[in-house]
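Some notes on the structure that comes next.
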Protein chains: 2
Amino acid sequence: MNIGLLGHGTIGIGVDRIIKKRNDMKVTRVMSLVVDDEIKGRLAETIDDIVNDPEIDTVVEVMGGVHPAFEFVSAALKHGKNAVTANKALVAACYEELLALAEENHVSFRCTAAVGGSIPWLVNIERANRVDRIEALGGIMNGTTNFIMSAMTNEGADFSETLKKAQELGYAEKDPSADIDGPDVRRKLNISVNAAFGVITSEDEIPTYGIRSVTAADVRNASSMGRTIKLIASAEMKDGVISAVVEPTLLTSDDLKAAIPSNFNLVWYRGAYCGEQCFTGQGAGRFPTAYNVVEDLVDIQAQHPGFYTEGRKHASIDNSNVLRSYYVRSAASDEYLASVTETVCDGYVITKPVRVSEMHEYLKKQTENGNDIFAASL
Amino acid sequence: MNIGLLGHGTIGIGVDRIIKKRNDMKVTRVMSLVVDDEIKGRLAETIDDIVNDPEIDTVVEVMGGVHPAFEFVSAALKHGKNAVTANKALVAACYEELLALAEENHVSFRCTAAVGGSIPWLVNIERANRVDRIEALGGIMNGTTNFIMSAMTNEGADFSETLKKAQELGYAEKDPSADIDGPDVRRKLNISVNAAFGVITSEDEIPTYGIRSVTAADVRNASSMGRTIKLIASAEMKDGVISAVVEPTLLTSDDLKAAIPSNFNLVWYRGAYCGEQCFTGQGAGRFPTAYNVVEDLVDIQAQHPGFYTEGRKHASIDNSNVLRSYYVRSAASDEYLASVTETVCDGYVITKPVRVSEMHEYLKKQTENGNDIFAASL
């Protein structure tokens with residue numbers, strides 16, 4: 001297998017180094033902004049150098065971002081080359097187009113590392129679907145926010161100082177919004193939903209509320225209820241209706257997710273036969289992520305086609321039947337919150353079960369209005 | 001795929017029912033002690049009815065026990081039929097012979113359900129080994145003992161009443177020794193070691209100490225140290241030396257294994273690239289176990305050979321470099337225990353780090369001498 005590698009940053013260098021130790025595959029061309037000794041003699045100036053190279057049969061995209069990754073991967077597939085990516089933004093935005101292109105051109109498209117980093121998540125979803133029917137899935141899909149919530153829980157620290165620490169350790173980006181506001185989790189949940197339920201859904205339809213406004217007081221309040229706050233993704237397929245939400249959740253202490261430390265991920269699915277299966281591991285990092293990219297390459301060599309979602313039927317996210325109780329700490333009281341409050345506590349309320357979609361609309365409006373508010377489901 | 005099914009008990013009925021809903025495979029013959037409507041018209045009187053049936057290409061063995069399961073599976077392999085088993089006693093005792101027979105006869109042998117029930121454990125070890133090098137593994141590999149330890153921890157109950165409850169719920173056998181004394185875990189650890197490290201080892205070489213003598217006082221003592229007692233399997237491959245032990249362990253509260261509830265299993269491995277990967281799920285039960293049997297059948301159809309251990313190099317278990325501190329509660333004091341004691345507490349001692357093999361020999365002798373003793377590593 002001769003590989004064209006798009007991107008030679010953290011993940012790309014990992015992929016390159018793992019492959020260098022194998023004799024069944026070779027990175028023959030590399031596209032990179034920085035040219036150093038490791039890629040000398042293999043530099044591809046443009047994508048054409050790779051897609052027009054008849055020796056290259058497979059392209060690995062680890063540049064990140066939707067553009068020009070989409071154009072590059074599309075060009076590779078159209079030129080009859082297999083494609084592997086670890087790029088969740090690309091997969092979440094262009095899943096359907098990429099699968100269709102792979103199918104039309106009789107090549108493989110795989111993206112195991114795009115969700116869960118080192119965890120064999122999408123591949124085990126694929127495997128389960130051969131025999132079982134996945135009914136629900138979810139988990140902790142973002143290491144940055146888990147690091148922040150773990151540190152706040154263990155050290156009683158405030159959000160802003162913990163975020164700063166995460167940035168210093170390289171766990172959080174300079175602009176942390178993709179992590180702390182939830183879009184990163186939403187993307188991974190959308191990809192998981194598509195693979196598990198065999199559908200194409202739009203990530204924009206998944207209600208998403210992050211941890212930007214969580215405070216040390218919220219963590220203390222949760223702790224006084226014997227609970228731990230984590231940013232949780234969840235989805236279910238019931239009677240043909242798919243629900244999916246990303247929101248902070250107050251977990252009970254016997255919930256495994258509450259014990260996931262530092263920047264680890266925990267993902268789970270429930271099958272009709274196999275019951276609940278949990279997977280934990282590093283959700284990011286050079287070699288953990290590069291590892292699953294190379295596993296995808298081995299699967300392609302073993303003729304594993306990797307059309308995660310056969311048929312690609314469109315489906316909507318519909319949370320209208322999902323009712324949850326919420327912890328809400330709000331600086332301002334209002335009619336809506338009063339109408340759904342079940343218990344008033346010191347500095348926060350617990351609501352009656354309300355529609356998830358209704359609560360997310362309320363939170364969005366309150367946040368837009370500048371109200372200091374934080375909410376988490378129970 | 002036409003299947004001959006050996007055994008129609010808890011797991012066999014599960015396998016039969018899952019396959020009935022598929023159109024890519026069929027159970028055409030069943031060996032069973034009990035003949036009911038579900039197998040009428042498909043009964044095989046002897047193993048010859050199955051191995052001499054040219055229509056049958058694959059045999060599923062879910063009878064349990066080493067004999068006559070070994071003779072039956074061997075006969076099937078020699079007659080050019082693939083074999084799938086969920087029988088850990090068979091696999092632990094006859095792994096090498098069965099792999100050799102499968103290879104000689106150019107058929108597949110798979111046993112995913114033999115360790116971890118529903119958990120995709122051996123298959124993910126296989127997958128990891130394609131790209132990574134597994135350095136260590138372990139976990140909670142027995143649901144019965146985990147149920148007992150969880151109940152004793154949560155309810156403060158005594159061992160004997162908890163065992164009785166487990167037996168009433170069907171979680172423990174009438175003769176519980178295979179579970180509570182550790183042989184069941186030892187078998188699963190041995191199979192995992194073979195698959196992960198690519199070797200053939202003898203289960204007899206794995207020091208094994210169970211939970212038969214644990215008391216409510218031990219659980220309280222552990223709790224006062226902020227710890228939880230679980231029966232833990234562990235193994236490592238370091239500088240070519242393989243160590244492996246089964247023993248009760250006092251886990252810290254931030255250890256995920258401490259939070260595994262009821263009769264669930266948690267198994268983990270650590271890869272050089274992928275880091276630590278944990279898997280949890282039901283370790284037993286009709287459909288969870290049958291699920292992984294059918295997954296093996298699908299893998300055979302997909303031409304996945306399933307020689308977990310290529311080459312089958314013999315290796316010894318060598319714990320001489322493994323040092324651990326132990327919690328020891330002993331009714332009698334003696335010279336050895338005094339010589340290794342680091343801290344004397346109320347009713348128990350904590351030892352200095354000692355050789356695992358040394359402590360297991362000591363415990364064996366003490367138990368044989370009728371001393372009321374319980375020990376667990378820290």
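Every chain is numbered from 1, with letters handed out A, B, ... down the list of sequences. What you see is a predicted model; the values in this text were computed from it and never measured.
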Next on the checklist: To the closest 0.5 Å, what do you measure between CD (Glu295(B)) and OH (Tyr273(A))?
Outcome noted: 11.5 Å

Item to check | Other residues, nucleotides, ligands: >12 heavy atoms within 6.0 Å of Lys20(A) NZ | outcome: yes

Checklist entry - Roughly how far, to the nearest 0.5 Å, is CD of Gln277(A) from OH of Tyr291(B)? => result 7.0 Å

Checklist outcome for this item: Assert top hit (heavy-atom pairs under 4.5 Å, partner chain A, pool Ile19(B), Thr280(B), Asp132(B)) equals Thr280(B)

Checklist entry - Can you say whether Pro120(B) sits under 4.5 Å from chain A via the side chain, the backbone, both, or neither, judging by heavy atoms? => result both

Item to check | More than 12 heavy atoms of other groups within 6.0 Å of Arg133(A) CZ | outcome: no

Item to check | Atom group of Ala128(A) that falls short of 4.5 Å from chain B, counting heavy atoms | outcome: both

Checklist entry - OG/Ser262(A) to CG/Asp254(B) distance, rounded to the nearest 0.5 angstrom? => result 12.0 Å

Checklist entry - When rounded to the nearest 0.5 angstrom, what is the spacing between CZ in Arg127(A) and CG in Asn124(B)? => result 7.5 Å

Item to check | Top of Ile18(A), Asn292(A), Ile119(A), Val298(A) for chain B proximity - count of heavy-atom pairs under 4.5 angstrom | outcome: Ile18(A)

Checklist entry - Who among Gly275(A), Ala259(A), Gly285(A), Cys274(A) has the most heavy-atom pairs with chain B under 4.5 Å? => result Cys274(A)

Checklist outcome for this item: If one checks every heavy atom of Arg22(A) against chain B at 4.5 Å, the contacting part turns out to be side chain

Checklist entry - Of all of Val294(A), Asp255(A), Leu256(A), Thr289(A), which one pairs up most often with chain B through heavy atoms under 4.5 Å apart? => result Leu256(A)

Item to check | Separation of Arg130(B) CZ from Asp24(A) CG (nearest 0.5 Å) | outcome: 10.0 Å

